[in-house]
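Input: a single structure, listed below in structure tokens.
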Amino acid sequence: GVFRGVFLVTAAALGYTAYFSYYTIAYHKGVYSSYDLAIENNVMWNVLHGNDFFKSTIVFGPVGSHFGYHATLFAYAMLPLYALAPRAETLLFIQSMLLGFAAVPLFLFARRHVSDALACILAVLYLLYPPVHGANLYEFHYPPLGTFFLWTLLYALDARRNLLAAIALVLTL
């Protein structure tokens, strides 16, 4: 039934999150990270500490603004998790978690159109899809985070859950 499918997909999402969190963090700790992760960690640190709106990175100098280059407003949505452990590894974990748990709303959407078993298979195949892995392994970037909210939006629209759809729409954008 649906509960067994949700349980299996959630377990697969947890496995995905653990696996890719471990490997992206190990890669980072091996000093292989590049400039992008440093910039995003700096942005999050500044937002957390109440500094100017997306305050400087070394490119922009002490008075520059990251916001002039990227409107990464989703930083505010990630802030509560980042505040628990304000470091680059947290960003890598958040990315792995959102990409992994995107399988759950995908499953919920798919099961409205196909059997629970096939929906479960589709969700697991998403987790095994190499382009998802590539997005996860390529530092930290905001666009892959939208996958979770995009699948949630599709499910909510299909299920006519308008409040959830509105929230997912805002977070997707």
Any non-hydrogen side-chain atom of [X] less than 4.5 Å from a side-chain atom of [Y]?
X	Y	answer
Tyr155	Arg112	yes
Gln95	Thr24	no
Thr147	Tyr126	yes
Asp116	Arg4	no
Thr10	Phe101	yes
Leu99	Phe20	no
Thr152	Leu108	no
Phe107	Val124	no

If you group Ile, Leu, Val, Met, Phe, Trp and Tyr by side-chain heavy-atom gaps below 4.5 Å, do [X] and [Y] land in one group?
X	Y	result
Trp45	Phe93	yes
Leu79	Ile94	yes
Val6	Leu127	yes
Tyr76	Ile39	yes
Leu173	Leu157	yes

At their closest point, which heavy atom of [X] faces which heavy atom of [Y], and how far apart are they?
X	Y	result
Ala77	Pro80	O-CD, 3.4 Å
Ser33	Glu139	CA-OE2, 3.2 Å
Gly100	Ala13	O-CB, 3.4 Å
Met44	Leu91	CG-CD2, 3.7 Å
Leu48	Ala83	CD1-CB, 3.6 Å
Gly5	Cys120	O-SG, 4.3 Å

> Hey, does the side chain of Thr172 reach the backbone of Phe149 with a donor-acceptor pair shorter than 3.5 angstrom?
Replying inline: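 The answer is yes, because a donor-acceptor pair under 3.5 Å joins these two groups.
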>> So does Asn42 get a backbone contact from the side chain of Asn46, meaning a donor-acceptor N/O pair under 3.5 Å?
In response: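 Yes; at least one donor-acceptor contact below 3.5 Å.
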So, taking the atom named [atom1] in [X] and the one named [atom2] in [Y], what distance separates them when rounded to the nearest 0.5 Å?
X	Y	atom1	atom2	result
Arg111	Leu106	CZ	CG	13.0 Å
Ile121	Leu8	CD1	CG	10.5 Å
Ile167	Asn162	CD1	CG	11.0 Å
Met97	Asn136	CE	CG	11.5 Å
Leu37	Arg87	CG	CZ	12.5 Å
Leu137	Ser96	CG	OG	8.0 Å

> Strictly under 6.0 Å, is that where the ring centroids of Tyr142 and Phe140 end up?
Replying inline: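 Yes; Phe140 has its ring centre under 6.0 Å from that of Tyr142.
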> Under 30°, 30 to 60°, or over 60°: which ring-plane class applies to Trp151 and Phe109, parallel, tilted or perpendicular?
Replying inline: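 Rings of Trp151 and Phe109: tilted, as their planes differ by 30° to 60°.
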> So which of Tyr22, Tyr16, Tyr23 actually passes ring-ring contact (aromatic ring centres under 6.0 Å, His included) with Tyr19?
Replying inline: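 Of Tyr22, Tyr16, Tyr23, ring-ring contact (aromatic ring centres under 6.0 Å, His included) with Tyr19 is met by Tyr23 alone.
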>> Run Asn41 and Tyr82 through side-chain contact (heavy atoms from CB on, under 4.5 Å) and show every step you take.
In response: CA-CA 9 Å; Asn41 190 48; Tyr82 183 80; 2.6 Å; yes
>> Quick one, Leu81 with Leu84, criterion side-chain contact (heavy atoms from CB on, under 4.5 Å). Give me CA distance, side-chain angles, the key distance, then yes/no.
In response: CA-CA 5 Å; Leu81 272 177; Leu84 295 173; 4.1 Å; yes
